[in-house]
Amino acid sequence: MIQLQDAYKSFGSNHVLRGVDLEVPDGQTLTIIGGSGTGKSVSLKLMVGLLRPDQGRVYVDGVEISRLKEDKLFEVQKKFGFLFQGAALFDSLTVAENILFGVKHLRPSLMRQADVLVKKKLSLVGLKPEVARLKPAELSGGMKKRVGLARAIAHEPKYILYDEPTTGLDPIMADVINDLILEVQSKLNVTSIVVTHDMTSAYKVSSRIAMLYDGRIVFVGSPEETQTTDNPLVKQFVTGSSQGPIQMPVRSGV
Ligand SMILES: Nc1ncnc2c1ncn2[C@@H]1O[C@H](COP(=O)(O)OP(=O)(O)OP(=O)(O)O)[C@@H](O)[C@H]1O
Ligand SMILES: [Mg+2]
């Protein structure tokens with residue numbers, strides 16, 4: 001289980017998270033929704049220890065990671081696979097090298113069967129073995145996301161963090177990725193946290209949906225509850241309306 005307890009994170013005068021409470025029980029898929037810049041990616045980075053909270057605590061399987069030393073933190077980070085926003089593949093490495101990048105550090109024993117591992121993970125995300133030799137520049141956006149997912153699951157993590165897995169994809173490819181998230185969930189029995197703006201995706205893949213607004217979690221509910229809630233913040237966000245309590249900055253004179 002992952003827990004954020006009263007987590008605060010600021011960057012200078014930018015107070016991004018101001019008391020975030022969130023629990024992700026094992027086996028669930030929790031989706032975090034919220035406007036651009038509300039701190040969704042920052043929340044994921046707190047969970048995996050890439051950022052530390054200024055105040056509050058982060059627990060992974062009961063271990064408080066917010067103050068762990070690097071070597072202990074590294075042990076906890078092995079439990080995580082991270083599909084970064086925009087896939088973030090290394091352009092100079094082949095697909096196979098990208099997939100194995102984390103495995104080398106996190107689970108070196110798996111490197112003995114590196115070729116088999118790459119083929120297995122590519123097949124799991126619906127890509128042919130020949131793709132292993134290609135460079136990221138030779139891949140479509142959808143293929144890049146798949147390779148990013150293959151890399152995220154290569155070291156057999158318990159937790160998978162997906163940062164905007166469907167952004168920038170056409171609706172059909174986005175749904176292919178949704179199906180992959182569900183398939184990975186059932187085949188590998190992982191716990192997933194998904195960050196997305198894509199409500200179709202959120203409704204399809206989530207056990208629960210949490211909305212981040214103004215530095216806090218303002219709502220948590222099932223997909224059904226998210227669609228029927230009276231919470232005006234959630235209602236405005238899921239219907240994509242510019243009218244409501246959520247104010248977007250608008251340049252004067254435009
Ligand atoms: N390492 C950092 N240094 C300084 N500021 C940062 C850093 N990381 C994030 N921020 C700031 O924190 C805020 C939240 O960023 P975050 O990336 O979490 O937003 P987000 O909710 O993921 O947005 P988007 O939907 O656009 O990806 C932004 O104002 C961002 O500029
Ligand atoms: Mg983000």
Side-chain angles (χ1 to χ4, degrees), residues 1-9 11 16-17 20-32 39-85 87-90 93 96-118 120-121 124-125 147-165 181 184-195 207-208 210 217:
M1 174 152 92
I2 302 175
Q3 294 160 286
L4 296 184
Q5 282 184 1
D6 203 24
Y8 283 70
K9 187 70 191 175
F11 300 98
V16 180
L17 302 182
V20 167
D21 285 302
L22 194 59
E23 280 192 1
V24 193
D26 285 354
Q28 285 205 359
T29 299
L30 175 88
T31 296
I32 304 175
K40 303 181 300 297
S41 295
V42 166
S43 300
L44 290 185
K45 287 174 185 166
L46 288 182
M47 291 178 188
V48 66
L50 290 174
L51 288 172
R52 292 182 194 253
D54 303 326
Q55 275 181 65
R57 292 158 197 265
V58 182
Y59 292 93
V60 175
D61 296 334
V63 175
E64 194 199 334
I65 66 156
S66 11
R67 274 153 198 81
L68 277 188
K69 293 234 171 65
E70 290 297 323
D71 54 335
K72 292 266 167 50
L73 184 60
F74 180 69
E75 290 306 311
V76 176
Q77 287 176 335
K78 287 182 181 177
K79 297 184 181 189
F80 285 87
F82 205 139
L83 179 62
F84 288 97
Q85 197 164 351
L89 301 174
F90 298 104
L93 303 182
E97 288 162 345
N98 264 288
I99 291 174
L100 294 171
F101 189 82
V103 179
K104 275 188 218 157
H105 304 284
L106 301 169
R107 294 242 191 272
S109 63
L110 294 177
M111 289 302 286
R112 278 184 298 230
Q113 296 263 300
D115 288 349
V116 180
L117 184 78
V118 167
K120 226 168 89 182
K121 300 303 168 187
L124 196 68
V125 299
V147 172
L149 178 54
R151 179 175 65 184
I153 61 179
H155 59 286
E156 295 171 1
K158 173 177 177 188
Y159 298 106
I160 305 185
L161 309 182
Y162 297 91
D163 200 348
E164 304 204 3
I181 294 173
V184 164
Q185 173 68 36
S186 66
K187 278 195 182 156
L188 307 181
N189 193 28
V190 290
T191 303
S192 312
I193 300 100
V194 180
V195 160
S207 321
R208 290 186 310 144
I217 297 294

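One-based numbering along the sequence shown.
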For Pro157 and Val190 the tightest heavy-atom approach is O-CG1, 3.4 Å

For residues Pro165 and Val195, report the shortest heavy-atom separation together with the two atoms involved.
CD-O, 3.5 Å

Would you check if Leu89 and Arg151 make a side-chain contact, meaning some heavy-atom pair closer than 4.5 Å?
yes

Using a strict 4.0 Å threshold on nitrogen-to-oxygen distance, state whether Arg52 and Glu70 make a salt bridge.
yes

State whether the number of non-hydrogen atoms from other residues, nucleotides or ligands found under 6.0 Å of Arg67 atom CZ is greater than 12.
yes

What distance separates Leu44 CG from Ile32 CD1, expressed to the nearest 0.5 Å?
5.5 Å

For Gly27, is there any backbone N or O sitting under 3.5 Å from a side-chain donor or acceptor partner on Gln185?
yes

Interatomic distance, CG@Leu149 vs CG@Leu124, rounded to 0.5 Å, equals 7.5 Å

Just verifying a value: how many Å separate Lys45 NZ and Leu50 CG, rounded to the nearest 0.5 Å?
7.5 Å

Are Val125 and Val147 close enough that some pair of their side-chain heavy atoms sits under 4.5 Å apart?
no

Minimum heavy-atom separation for Leu46 to Ile65, with atom names?
O-CD1, 3.7 Å

Considering non-hydrogen atoms only, spot the tightest contact between Asp21 and Asp6 and give its length.
OD1-N, 2.8 Å

Of all heavy-atom pairs between His105 and Phe74, which one has the smallest distance, and what is that distance?
O-CZ, 3.4 Å

Any side-chain heavy-atom pair from Leu22 and Met47 closer than 4.5 angstrom?
yes

Over all heavy atoms of both residues, which pair between Leu73 and Gly49 is shortest? Give the atoms and the distance, please.
CD2-O, 3.6 Å

Donor-acceptor pair, His155 side chain versus Phe101 backbone, under 3.5 Å?
no

Within the side chain of Thr29, is there an N or O that forms a donor-acceptor pair under 3.5 Å with the backbone of Ser192?
no

4.5 Å side-chain heavy-atom contact, Leu188 and Glu156:
no

Checking Gln5 against Tyr59 for the side chain to side chain contact (heavy atoms under 4.5 Å, CB included) test, could you report, in this order, the C-alpha distance in whole Å, the side-chain angles of both residues, the deciding distance, and whether it holds?
CA-CA 8 Å; Gln5 282 184 1; Tyr59 292 93; 3.5 Å; yes

Step through the shown structure and confirm whether more than 12 heavy atoms of other residues, nucleotides or ligands are within 6.0 Å of NZ on Lys79.
yes

If you define the side chain from C-beta out and look only at heavy atoms, does anything of Thr31 sit under 4.5 Å from Tyr162?
no

Return yes if some donor-acceptor pair links the side-chain N/O of Asp61 with the main-chain N/O of Met1 below 3.5 Å, else return no.
yes

The reported gap from CG in Leu106 to CE in Met111 (rounded to nearest 0.5 angstrom) is 11.5 Å

Atom CD of Glu64: over 12 foreign heavy atoms under 6.0 Å:
yes

Calculate, to the nearest 0.5 Å, the distance between atoms OH and CG belonging to Tyr8 and Asp54 respectively.
10.5 Å

If you measure from CZ on Arg57 to CG on Leu4, what distance do you get to the nearest 0.5 Å?
13.0 Å

Walk me through whether Val24 and Tyr159 qualify under side chain to side chain contact (heavy atoms under 4.5 Å, CB included).
CA-CA 10 Å; Val24 193; Tyr159 298 106; over 6 Å; no

Is a side-chain N or O of Gln28 found less than 3.5 angstrom from the main chain of Thr191, in a donor-acceptor match?
no

